[in-house]
Amino acid sequence: MAKPIAGPEIERLIQLLAKLPGLGPRSARRATLHLVKRKDQLLAPLAEAMDRARANVLVCSNCGNIDTRDPCTICSDATRDQSTVVVVEDVSDLWALERAKALNAAYHVLGGVLSPLEGVGPEDLTIRRLVERVAEGGISEVIVAVNATVEGQTTAHYLIDQLAGFDLKITRLAHGVPVGGELDYLDEGTLSAAMRARTAF
């Protein structure tokens, strides 16, 4: 085991940053050094922003998005087409579609995908809330925008079965999304094209 190179507070910061996606131990050390060298300009405002986020971030009770209010900014936006709901696996997928400006619709975040091998069943996802939203009325189309993985497609077929009794159009993203691909890693052009060319299940 490597010996510590700094005090426990700095070592702890390195360890925590190394847990973030895209950062390993080396990148975390560089980021930590950058932050502590600029304590007043970066570290203090970052600590304050993180503390505020910890205290104020909520999960939207309607769609599952994260925000500092409930219902979230997207659910509260009167300019959105609330009759179209885009179903995504995770908030990162919602953010990817929003970056692409593909559609001005409402969303529903499942919180993952069905995965019997990992013990994730329908009760672990927000599928029941999606069915409730459709049953409440006002939704004419559900776009299933899950990742093109085996688990994603299994989840998509389960959703279709759950929504089969409702009078609504169910579509999915076009095959422009590569098999095995994840929405968060696709470029905005691919996401926009896939959204425009969505097809019926």
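Counting from 1, the numbers follow the sequence of the chain as shown.
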>> If I take atom CZ from residue Arg99 and atom CG from residue Leu186, how far apart are they, to the nearest 0.5 angstrom?
In response: 10.0 Å
>> Working to the nearest 0.5 angstrom, can you tell me the gap between Asp93 CG and Asn147 CG?
In response: 5.0 Å
> Donor-acceptor pair, Asp124 side chain versus Gly121 backbone, under 3.5 Å?
Replying inline: yes
> Are Leu168 and Tyr158 co-members of a hydrophobic cluster defined by side-chain heavy atoms under 4.5 Å apart?
Replying inline: yes
> Does some side-chain heavy atom of Val120 sit less than 4.5 Å from a side-chain heavy atom of Val113?
Replying inline: no
> Is any side-chain heavy atom of Ile10 less than 4.5 Å from a side-chain heavy atom of Ile14?
Replying inline: yes
> Around Asp167, counting heavy atoms of other residues, nucleotides and ligands shown, do more than 12 lie under 6.0 Å from its CG?
Replying inline: no
> How far apart are the closest heavy atoms of Tyr107 and Cys63, and which atoms are they?
Replying inline: O-CB, 3.1 Å
>> For Val87 and Leu110: C-alpha separation, side-chain torsions, deciding distance, then whether side-chain contact (heavy atoms from CB on, under 4.5 Å) applies.
In response: CA-CA 7 Å; Val87 180; Leu110 293 172; 3.6 Å; yes
> How far does CD1 of Ile127 sit from CD of Glu132, to the nearest 0.5 angstrom?
Replying inline: 12.5 Å
> Do Glu136 and Arg133 sit within salt-bridge range, that is, some charged N less than 4.0 Å from a carboxylate O?
Replying inline: no
> Shortest non-hydrogen contact from Leu103 to Glu98?
Replying inline: O-OE2, 4.0 Å
> Are any non-hydrogen side-chain atoms of Leu42 and Leu35 less than 4.5 angstrom apart?
Replying inline: yes
>> Can you give me the closest heavy-atom contact between Lys39 and Pro45, atom names plus distance?
In response: O-CD, 4.2 Å
> Is the shortest heavy-atom distance from the side chain of Leu43 to the side chain of Arg38 under 4.5 Å?
Replying inline: no
> Hey, does Asn62 have a side-chain heavy atom less than 4.5 Å from the side chain of Arg129?
Replying inline: yes
>> Would you compute the distance between atom CD of Glu141 and atom OG1 of Thr84 and round it to the nearest 0.5 angstrom?
In response: 5.0 Å
> When hydrophobic residues are tied together by side-chain contacts of less than 4.5 Å, even through go-betweens, does Met50 share a cluster with Val36?
Replying inline: yes
> Should Asp90 and Asp184 count as side-chain neighbours, where that means a heavy-atom distance under 4.5 Å?
Replying inline: no
> Rounded to the nearest 0.5 Å, how far apart are CE of Met195 and CG of Leu97?
Replying inline: 4.5 Å
> How far does SG of Cys72 sit from CG of Asn65, to the nearest 0.5 angstrom?
Replying inline: 4.5 Å
> Is a side-chain donor or acceptor of Ser192 paired with a backbone partner of Ala100 at a separation under 3.5 angstrom?
Replying inline: yes
>> Less than 3.5 Å apart, any donor N or O on the side chain of Asn56 or Arg69 sitting next to an acceptor on the other?
In response: no
> If you look at every heavy atom in Val86 and Ala105, which pair is closest and at what distance?
Replying inline: CG2-CB, 4.1 Å
>> I'd like to know whether Ile170 forms a side-chain contact (heavy atoms from CB on, under 4.5 Å) with Val144, so could you lay out the CA-CA distance, the side-chain angles of the two residues, the decisive distance to 0.1 Å, and finally the verdict.
In response: CA-CA 7 Å; Ile170 302 175; Val144 182; 4.1 Å; yes
>> Walk me through whether Leu159 and Val142 qualify under side-chain contact (heavy atoms from CB on, under 4.5 Å).
In response: CA-CA 10 Å; Leu159 288 174; Val142 171; over 6 Å; no
>> With a 4.5 Å cut-off on side-chain heavy-atom distances among I, L, V, M, F, W and Y, is there a chain of contacts connecting Val91 to Leu20?
In response: no
> Given Asp77 and Thr73, is the side-chain contact (heavy atoms from CB on, under 4.5 Å) satisfied, shown in steps?
Replying inline: CA-CA 6 Å; Asp77 185 353; Thr73 302; 5.8 Å; no
> Partners of Glu48 by salt bridge (charged side-chain N to carboxylate O under 4.0 Å, His left out), sequence neighbours excluded?
Replying inline: Arg52
>> For a quick test of reading the model, state the closest non-hydrogen atom pair linking Thr154 to Leu114 and the distance between them.
In response: O-CD1, 4.3 Å
> If you group Ile, Leu, Val, Met, Phe, Trp and Tyr by side-chain heavy-atom gaps below 4.5 Å, do Val88 and Tyr185 land in one group?
Replying inline: no
> Any chance CD of Glu118 has more than 12 other-residue heavy atoms, nucleotides or ligands included, within less than 6.0 Å?
Replying inline: no
> Would Arg30 and His34 count as having a side-chain donor-acceptor pair, cut-off 3.5 Å?
Replying inline: no
>> Would a single hydrophobic cluster contain both Leu16 and Leu46, if residues Ile, Leu, Val, Met, Phe, Trp and Tyr are joined by side-chain heavy-atom contacts under 4.5 Å?
In response: no
>> With a 3.5 Å distance limit and no angle check, can you tell me whether Asp67 reaches the backbone of Cys60 through a side-chain donor-acceptor pair?
In response: no
> Are side-chain heavy atoms of Glu9 and Leu13 found at a separation under 4.5 Å?
Replying inline: no
> How close do Leu191 and Leu183 get, heavy atom to heavy atom, and via which atoms?
Replying inline: CD2-CD2, 3.7 Å
